[in-house]
2 protein chains.
Amino acid sequence: MTKMTKIASAPALPLNTILAGDCIEVMNGLPEASVDLIFADPPYNLQLRGDLHRPDNSQVDAVDDAWDQFASFEVYDRFTREWLKAARRLLKPNGAIWVIGSYHNIFRVGAALQDSGYWILNDVIWRKANPMPNFRGKRFTNAHETMIWASKEEGAKYTFNYEALKSLNEGIQMRSDWVLPLCTGHERLKDDNGDKAHPTQKPEGLLHRVLVGSTNPGDVVLDPFFGTGTTGAVAKMLGRDYIGIEREESYRKVAEKRLANTRRYDRASLEVTASKRAAPRIPFGQLIERGMLRPGEELFSMNNRHKAKVRADGTLVGDDVKGSIHQVGAALEGAPSCNGWTYWCIKRDGKKVPIDIFRQQIRAEMGDRPN
Amino acid sequence: MTKMTKIASAPALPLNTILAGDCIEVMNGLPEASVDLIFADPPYNLQLRGDLHRPDNSQVDAVDDAWDQFASFEVYDRFTREWLKAARRLLKPNGAIWVIGSYHNIFRVGAALQDSGYWILNDVIWRKANPMPNFRGKRFTNAHETMIWASKEEGAKYTFNYEALKSLNEGIQMRSDWVLPLCTGHERLKDDNGDKAHPTQKPEGLLHRVLVGSTNPGDVVLDPFFGTGTTGAVAKMLGRDYIGIEREESYRKVAEKRLANTRRYDRASLEVTASKRAAPRIPFGQLIERGMLRPGEELFSMNNRHKAKVRADGTLVGDDVKGSIHQVGAALEGAPSCNGWTYWCIKRDGKKVPIDIFRQQIRAEMGDRPN
DNA sequence: CTCGCTAGTGAATCCATCA
DNA sequence: TTGATGGATTCACTAGCGA
């Protein structure tokens with residue numbers, strides 16, 4: 001009995017499939033803490049005229065006599081908070097969520113995220129390179145959409161591939177505003193009539209940046225509003241596993257076909273510029289043990305203002321200071337912290353060389369290839 | 001009796017003055033339906049935790065003022081809804097409001113606006129030309145702030161000077177994302193010690209665009225969080241009347257002096273914002289995000305002596321070399337530098353084509369507009 | 001005068017690991 | 001859980017100074 005309950009409440013993850021049904025119900029049937037990333041493109045509630053689908057029918061009856069905007073917002077909020085709650089249950093402790101929206105709904109979504117315990121990491125602006133103009137000239141061209149990136153809770157160790165994103169941006173740290181074109185041309189899926197298959201298909205470039213930046217190969221990515229499956233397609237290309245949830249059969253059919261025709265990039269191409277933080281830690285003492293530096297040898301600070309002597313136990317002695325290479329550097333500079341590896345140099349052939357070259361040498365010998 | 005009450009509850013509008021006190025109380029003391037536009041820069045409720053240092057060990061001057069501290073979201077929401085209610089009472093039927101904020105508060109503000117009966121017209125993104133970087137490499141550079149523009153209610157005939165904005169934007173319809181620099185240099189007001197007079201002074205260029213776009217000369221503009229009076233200064237320059245409300249005496253003093261020195265149609269300080277045209281930088285990574293190149297695809301050097309593979313983060317892998325298109329090109333050629341755009345080619349129909357054609361294509365699609 | 005160099009700074013929810 | 005420690009981490013722009 002216990003066993004059966006367990007199995008029923010924690011079924012295997014249906015990886016790389018599209019599940020049919022209401023996303024709240026489906027999510028509640030999946031095992032908790034099993035998903036690394038959720039990307040959600042919920043209904044935008046554009047008109048606020050009651051055309052929303054709701055989590056269950058009993059709630060619909062409660063408000064159908066008052067179609068004023070307040071009641072409509074209330075219904076939308078209830079829907080939002082329910083799917084956000086179900087989504088949060090699915091997230092691993094260090095998982096994260098992205099939600100995209102426009103001014104019609106994003107403020108309500110953002111407030112609901114915060115109220116549900118998520119911790120906002122950034123809001124990111126998708127700045128459309130080719131938006132539709134405002135034909136009537138009564139407002140500004142609506143040229144962007146807003147994405148919110150949030151961790152499951154404050155203090156969680158979310159995934160952020162800083163160096164990879166920096167590489168994508170030609171060596172400059174990625175900003176919170178992304179310029180990307182709309183989904184058009186042959187990327188835009190058509191139905192049998194040649195009309196667009198989905199009204200708000202997102203460009204693959206957007207998902208590429210999201211997934212490269214906040215997941216690793218092998219991660220599980222869930223999209224509760226799967227639509228034509230852009231999230232799944234990019235996840236598959238990038239070697240991530242996906243789970244899609246979609247109510248509408250017509251969208252599911254388009255997505256199934258799309259995913260069947262999608263191929264993963266080769267493994268080597270999925271490797272991404274690694275952060276220095278990932279490199280193994282080398283104790284400074286190893287330099288002495290290996291004879292790269294000798295006890296009594298003098299080190300010079302990068303700015304030439306200080307020097308210190310190496311001791312046999314891998315500590316330094318400067319003017320009235322003893323301690324690690326970092327501690328002595330920080331003390332001499334009066335700074336809160338100091339990276340001793342890049343701060344201290346030795347003299348070789350009259351030239352100053354940072355001691356970090358020894359660390360790089362050791363790492364290379366360990367078979368760790370720098371990027 | 002009735003007459004006296006009327007007079008007491010409807011005093012004359014204190015035009016072009018700065019009122020001292022709590023903005024909610026002060027607004028409740030002003031006559032209803034008397035203001036054309038409200039511009040509000042409320043506290044963001046940043047919730048900063050510890051100190052933050054730049055990589056050079058200098059400390060970031062945090063916004064840690066008492067006026068930005070709130071005990072909880074709930075307290076912040078209550079405050080927000082109260083001042084929004086007081087502000088709405090002051091608006092003429094066709095009046096409008098602008099509120100600026102960051103992801104810390106803007107979602108709560110936006111939801112409160114909608115719940116209070118305002119009707120959102122646009123959200124507008126201030127894309128900062130020179131934002132502060134993310135020093136620890138843990139998130140995206142927080143490179144924008146969000147403004148919400150809303151009318152008093154749905155269906156109101158708000159002011160929108162379409163043509164004026166279009167000419168401000170060199171003949172192109174104004175979009176919902178505005179590129180403007182931070183308030184720095186001489187525009188940034190200093191106190192007697194030479195320190196910045198206010199931690200979050202907004203650039204005049206931002207207010208210029210807001211007021212040109214959504215008010216007419218002679219309109220009354222109210223700012224309930226006046227600070228150093230940017231709203232008042234730009235309003236005065238543009239021939240609008242202003243009303244400022246500010247709690248802190250030190251800010252009021254700075255603002256009084258500033259406004260005394262401000263002249264109508266003093267455009268000099270605004271012309272700074274004129275867009276400098278430069279060919280937009282296109283990161284190589286965009287070619288992958290846009291599907292022009294695929295991870296795993298091979299590039300060939302112009303001289304046919306080398307080849308390299310594209311990775312998902314926009315870096316290349318050649319023989320024992322990884323890095324940007326420029327770095328790998330330089331390394332393979334043994335050269336100090338290399339323009340990867342013209343060095344690397346792909347094969348199309350058996351012919352070699354430099355990858356620069358893709359960059360040109362993207363620039364053409366963007367219309368070569370930096371904005 | 002210009003040019004080059006150094007120093008400073010901006011609404012920021014900004015570390016990871018081990019003892 | 002807390003505290004100590006290693007050591008990773010920045011972009012665009014302005015002002016000011018000296019040559």
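Computed from a predicted structure; not experimentally measured. No hydrogens, no waters, no symmetry mates; every other heavy atom, side chains included, goes into these values.
The glycosidic torsion of dT13(C) lies within 90° of 0, which places this base in the syn conformation.
Rounded to a whole Å, the CD1 atom of Ile325(A) is 9 Å from the C1' atom of dG6(D). Atom CD of Gln173(A) is separated from atom P of dA12(C) by 13 Å (rounded to the nearest Å). Taking atom CZ of Arg363(A) as the reference point, atom P of dG7(D) lies 8 Å away to the nearest angstrom.
One P atom belongs to dA16(C), the other to dT10(D), and the distance between them is 15 Å to the nearest Å. Rounded to the nearest Å, the gap between the C1' atom of dC14(C) and that of dG10(C) is 15 Å. Rounded to the nearest Å, the gap between the C1' atom of dT13(C) and that of dA4(D) is 25 Å. Separation of the P atoms belonging to dT9(D) and dT17(C) is 14 Å when rounded to the nearest angstrom. Comparing dC1(C) with dG16(D), their P atoms sit 15 Å apart, to the nearest whole Å.
Between His186(B) and dA15(D) there is a side-chain polar atom (N or O) within less than 4.0 angstrom of OP1 or OP2. Distances shorter than 4.0 Å separate none of the side-chain N or O atoms of Asn339(A) from OP1 or OP2 on dG6(D). Put simply, His326(A) has a side-chain N or O that comes within less than 4.0 Å of OP1 or OP2 on dG7(D). The phosphate of dT9(D) has neither OP1 nor OP2 within less than 4.0 Å of any side-chain N or O from Lys166(A). OP1 and OP2 of dT13(C) both lie 4.0 Å or more from every side-chain N or O belonging to Tyr158(A). Residue Arg188(B) has a polar side-chain atom (N or O) positioned under 4.0 Å from OP1 or OP2 of dA11(C).
When distances are taken from the side chain of Thr200(B) to each of dA11(C), dT9(D), dC14(C), the shortest belongs to dA11(C). Distances from the side chain of Lys276(A) to the nucleotides dA11(C), dG6(D), dT9(D) place dT9(D) closest. Taking the side chain of Val60(B) as heavy atoms from C-beta on, and the options dC14(C), dA11(C), dA12(C), the nearest nucleotide is dA12(C). Taking every side-chain heavy atom of Ser337(A) into account, dA8(D) is the closest of dA8(D), dC14(C), dA11(C). For Phe135(B), the side-chain atoms get nearest to dT10(D) when compared with the rest of dA12(D), dT10(D), dA11(C). For Gln114(A), the listed nucleotide lying nearest its side chain is dT13(C); candidates were dT17(C), dC14(C), dT13(C). Picking from dT13(C), dA8(D), dT10(D) the nucleotide with the shortest atom distance to the side chain of Leu48(B) gives dT13(C). With dT10(D), dT13(C), dA11(C) as the candidates, the nucleotide lying closest to the side chain of Leu46(B) is dA11(C). Listed candidates were dA12(C), dA8(D), dG10(C). Nearest to the side chain of Tyr103(B) is dA12(C). Which of dC11(D), dG7(D), dT13(C) sits closest to the side chain of His104(B) comes down to dT13(C).
When both distances must be under 3.5 Å, the Watson-Crick or G-U wobble mate of dC18(C) is dG3(D). With a cut-off of 3.5 Å on both Watson-Crick or G-U wobble distances, the partner of dA11(C) is given as none. Under the Watson-Crick or G-U wobble criterion, with both distances below 3.5 Å, dT9(D) has no partner in any strand shown. With both pairing distances under 3.5 Å, dC17(D) is matched to dG4(C) as a Watson-Crick or G-U wobble pair.
By the 4.0 Å N-to-carboxylate-O rule, Glu365(A) lies close enough to Arg290(A) to be salt-bridged with it. Using a cutoff of 4.0 Å between basic side-chain nitrogens and carboxylate oxygens, Arg209(B) and Glu204(B) are not scored as salt-bridged. Salt bridge absent: Asp191(B) and Lys196(B) never bring a charged side-chain N and a carboxylate O closer than 4.0 Å. Under a 4.0 Å N-O distance rule, the pair Asp115(A)/Arg108(B) qualifies as a salt bridge.
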Between Thr184(B) and Arg188(B), does a side-chain hydrogen bond (donor to acceptor under 3.5 Å, both in side chains) hold up when you go through it step by step?
CA-CA 5 Å; Thr184(B) 58; Arg188(B) 190 77 190 230; over 6 Å; no

One pair to check against ring pair (Phe, Tyr, Trp, His ring centres under 6.0 Å): Trp83(B) and Phe225(B). What are the steps and the verdict?
CA-CA 10 Å; Trp83(B) 77 256; Phe225(B) 307 96; 5.2 Å; yes

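You can call Trp119(A) stacked on the base of dT13(C); the centres are under 5.5 Å apart and the planes sit within 30°.
If you check distances only, the side chain of Lys138(B) never reaches the base of dA16(C) with a donor-acceptor pair under 3.5 Å. Not a single donor-acceptor pair, N or O on each side, falls under 3.5 Å between the base of dT10(D) and the side chain of Arg136(B). For Thr184(B) and dA12(D), a side-chain-to-base donor-acceptor distance below 3.5 Å is absent, hydrogens and geometry of angles not being considered. For Arg54(B) against dG10(C), a side-chain-to-base donor-acceptor contact under 3.5 Å is present.
Ring geometry, Phe284(B) versus Trp341(B): the interplanar angle exceeds 60°, so the pair is classed perpendicular (tilted spans 30 to 60°).
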